[in-house]
K.L.:
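Okay, handing you the structure first.
Chain naming here is simple, since letters A, B, ... match the order of the sequence lines and numbering starts at 1 in each.
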Amino acid sequence: MNKNWLDKNTFHYSEFKDLHQLVAEKQRKKQTISLCLPTLNEEKTIAKQILLMKSELMMRYPLLDEIVVIDSGSTDKTREIARSYGADVYEANDILPHLENFKGKGENLWKALYITRGDIIVYLDTDIKNIHHRFAYALVAPLILFDNIKYVKAFYDRPIAIGKSKIRPTGGGRVTELLIRPLFSLFFPDLTQILQPLSGEYAGFREIFETISFPIGYGVETSMLLDIYEKWGLDVIAQVDLDKRIHRNQDTRALGKMSFAILKTFINRKRKLGMVDFKDDIYDEMIQYNLVKDEYKPDISHMVEVERPPMIEIPEYREKFNRTL
Amino acid sequence: MHNAMDYIDKLPGFVEEIKSIKETIISNIVLIGQIPSPTFKEKNRTSVFMERLSEFQVDECTTDGYRNPIGIIRGTSESKPPIFVVAHLDTVFGQDVDHYYTIGENSITGPGIMDNSVGVGILVSLPGIFRKLNLRFESDIVIAGAIQSLGKGNLRGIRHLLKTWNTPIRAAVCIESSELGRLNYYADGMIRCEVECNISTTNGMEYKFKPNAILIINEVINQILQLRLPQKPRSRVIVGKTFGGHKHGVIAYDATLGFEIQSTSDRMVKSIFNNIKDIVEGISHEYEVELKLKTISNVHAARLKFNHPLVKSVVSVMKKLDLTPVSEPSESELSIFLSRKIPAVTLGITRGENHHQKNARVEIEPMFKGIAQVVGVIKAIDNGVCDE
């Protein structure tokens, strides 16, 4: 196990507070940066996210070159509000419309590669109550400042919002601790050093993202890590402590479904790598039980984990970005 | 010699100019307002206030001996006294309350947004706003966040700042989040009090026949209501809050009443206070209960006249921006400036609802007119309306 990695490639956001220096270095390297926000019914949080990023990292310090919202068909006012605060807003279904449509965060992230222009892309979840511009600048900083780093993940001290207005100091990360960390410990011990592998905030170079496939749903963070680790090794990855992230808590059933999708992605990756062999196919249904009037009834969720191929395999993308296979 | 109000026609144009940096203004409101800042625990908000102020390149950024954060924009004249622009930093919400704001299409929602996050955010944005409007002033502009203002804070922050500021002050503008259109230029004399009733909680038979603290407080209220208050000088007692008791079926052994005595005359405030003190002592004696009357805070009556040049110029500024001035007495930072004979007004920035609740909400759009109004008044002061 590469034990130096944690010391060498773990940062705290406060190390990158000098935004003048970051902007100067970005300009010297002639880099462009896109912020991508995947949304589905985020009318309560999206405006603050766009407004803070635009004010601090576009108007005051020209670090970001664009803010792009990719929406999965929100039924609330997410798109309208995002547009009114100056983001470029797209519906995922309208991007590369000749392809079969899927709904999911991974789908939005993948399609963002076609829409955005940046050399560096920052992905931020949009349910963050305590959003601050450090969430973006601290993720791109190692990419700008250190030539060896190509992909940066966030980690946090994660308080979970409880009740309507109270906060407790620690908690969260149940899927990480109960599923991901045991799996990584069993099969990829190097990756256990990534403290929050499921965090939804990360940044990387386009050349990395365009050559990996994207599961359309929950598995996207896991697959991204595994693929980058397999292709380029641990040293291109860094992690940044962004302090606190306050977000909605999910119930155990929802986390069960999330775990199902992640586990499937993980198993598929292991199969691809020839590390495991199953005689039979694995199933696509997550079965949970409810007690309804003294009777146990199954609640079956059909969860086919479709994966988008590396974006570079899409001809329209190669043409738009002047890429060859 | 130029007219002190010759810039006034530019004010409607200022509104759009200010709006063009709305992202920065709202960011300041949100980033500072989301830091909990209960009275006496304003340290974290003060730090962020200073951090943001220094980022917006004021000429000096410091705290006074009482830890009120202050920024100074140097003026072009060395002889003109400074103009103060202040907003109080403390809120009525505790540190464990979720202070994260929600921004909607045309609103910001969250605890403290109406008192006084918008005011504080605008204060910090002023250097950027002046730059955007290409405005320079003869006077130094002193941007001050006042700590320990509310309730038991008793305006200690601003009192200390003015007590230790040893050069003359030209005039002051106090900023409050709401309501747009308010024009406060006089402060009533005020004493804010609490009456606490505590009944001994000894167990036993005696317990059943103990007096009820809530009923005792009720008697205090009844006797206060029987006081004859004069219409001249205008005086009133506001019964503002009361709480007490523990369970539906148990006689209350503690209760508290909070009230304010307000009058245009300090002597009348003192006289009413003495009457209430007699009431409290009488009830304590007759019912054989422990009743304590405590003074939480007090301010002296002070005022500008309506025909004071500062008030007249604020009215002109408001009218130019199609705002209708509404005036009431205000017991805030304003009263401390006025009691030191410093011309001052309090202005509101925007409209909103649910004033002191966790879901307080302000409208974004009217804010830009509210800011233009503040800029207009500062400009009037700088042009000399208070100098005669």
Side-chain angles (χ1 to χ4, degrees), chain A residues 14 17-20 42-62 64 67 76-87 126-137 159-169 243-249, chain B residues 19-36 44 47-48 51-57 91-113 117 121 124-125 127-129 131-132 354 357-362 364-365 367:
Chain A
S14 58
K17 267 184 153 176
D18 186 348
L19 295 181
H20 280 297
E42 303 290 359
E43 66 178 3
K44 286 193 173 161
T45 45
I46 190 67
K48 189 159 80 175
Q49 196 138 343
I50 294 167
L51 186 128
L52 282 175
M53 296 300 166
K54 193 175 167 194
S55 160
E56 303 304 300
L57 302 181
M58 288 179 92
M59 293 169 73
R60 297 188 56 220
Y61 297 95
L64 300 177
I67 299 176
D76 65 6
K77 293 171 93 176
T78 301
R79 288 191 300 278
E80 215 175 315
I81 292 174
R83 242 176 238 122
S84 74
Y85 281 96
T126 41
D127 64 343
I128 309 170
K129 285 178 81 176
N130 63 326
I131 189 69
H132 187 276
H133 49 293
R134 69 172 182 272
F135 282 68
Y137 76 70
I160 298 289
I162 53 166
K164 273 198 166 169
S165 57
K166 299 276 178 184
I167 295 172
R168 67 182 165 117
D243 195 7
K244 280 187 171 54
R245 182 196 199 280
I246 299 175
H247 59 107
R248 288 189 301 263
N249 197 6
Chain B
K19 197 174 169 182
S20 72
I21 53 166
K22 78 168 183 181
E23 287 84 359
T24 306
I25 295 168
I26 298 173
S27 294
N28 280 333
I29 293 169
V30 169
L31 290 174
I32 297 174
Q34 290 187 155
I35 311 292
N44 291 343
S47 303
V48 178
E51 200 180 295
R52 297 296 293 177
L53 206 51
S54 59
E55 280 209 16
F56 282 85
Q57 295 155 25
T91 71
V92 297
F93 295 99
Q95 271 170 325
D96 62 340
V97 171
D98 179 347
H99 275 64
Y100 293 110
Y101 289 172
T102 303
I103 302 178
E105 263 180 303
N106 185 33
S107 66
I108 311 171
T109 306
I113 188 72
S117 300
V124 168
S125 305
I129 292 167
R131 247 195 312 279
K132 181 71 193 170
N354 308 330
Q357 296 172 45
K358 287 175 189 167
N359 63 341
R361 191 182 76 91
V362 293
I364 291 173
E365 195 60 32
M367 218 162 65

K.L.:
Nearest 0.5 angstrom please: A:Ser55 OG to B:Asn28 CG, how far?
P.N.:
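Taking OG in A:Ser55 and CG in B:Asn28, the distance rounds to 7.0 Å.
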K.L.:
Which one, A:Ile50, A:Asn130, A:Ile46, leads in non-hydrogen pairs under 4.5 Å with chain B?
P.N.:
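Looking at each option in turn, the highest pair count goes to A:Asn130.
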K.L.:
Which pair of heavy atoms, one from A:His132 and one from B:Leu31, lies closest together, and at what distance?
P.N.:
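Where A:His132 meets B:Leu31 most closely, the heavy atoms are CD2-CD2, 3.7 Å.
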K.L.:
Check each atom of B:Ile25 against the heavy atoms of chain A and say whether the ones under 4.5 Å are side chain, backbone, both or neither.
P.N.:
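Contact with chain A: none, neither part.
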K.L.:
Measure the spacing between OG1 of B:Thr24 and CZ of A:Arg60 and express it to the nearest 0.5 Å.
P.N.:
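So the gap between those two atoms works out to 6.5 Å.
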K.L.:
Search all heavy atoms of A:Lys129 against all heavy atoms of B:Gln34 and return the closest pair with its distance.
P.N.:
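Residues A:Lys129 and B:Gln34, closest heavy atoms: O-OE1, 4.3 Å.
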K.L.:
Ignoring hydrogens and geometry, is there a side-chain-to-backbone donor-acceptor pair from A:Lys48 to B:Tyr101 under 3.5 Å?
P.N.:
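Such a contact is found between A:Lys48 side chain and B:Tyr101 backbone.
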K.L.:
For residues 103-112 of chain B, please give each side-chain donor-acceptor pair under 3.5 Å, one per line with the distance, not counting sequence neighbours.
P.N.:
{"residue": "B:Glu105", "atom": "OE1", "partner": "A:Lys77", "partner atom": "NZ", "Å": "2.6"}
{"residue": "B:Asn106", "atom": "OD1", "partner": "B:Ile364", "partner atom": "N", "Å": "3.3"}
{"residue": "B:Asn106", "atom": "OD1", "partner": "B:Glu365", "partner atom": "N", "Å": "2.9"}

K.L.:
Here's one to test your reading of the geometry: is the NZ or CZ of B:Lys22 within 45 degrees of the ring axis of A:Tyr85 and under 6.0 Å from its centre?
P.N.:
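Here B:Lys22 passes the 6.0 Å and 45° test against A:Tyr85.
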K.L.:
Quick check: closest heavy atoms across A:Leu51 and B:Ser27, and the distance to 0.1 Å?
P.N.:
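Smallest interatomic distance, heavy atoms only, reads CD2-OG, 3.6 Å.
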K.L.:
Start with the C-alpha gap between A:Glu56 and B:Arg52, add the side-chain angles, then the distance that decides, and say whether salt bridge (Lys or Arg N to Asp or Glu O under 4.0 Å) holds.
P.N.:
CA-CA 11 Å; A:Glu56 303 304 300; B:Arg52 297 296 293 177; 2.9 Å; yes
K.L.:
Sequence neighbours left out, what passes salt bridge (Lys or Arg N to Asp or Glu O under 4.0 Å) with A:Glu42? Give chain and number order.
P.N.:
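By the salt bridge (Lys or Arg N to Asp or Glu O under 4.0 Å) rule, A:Glu42 matches A:Arg248.
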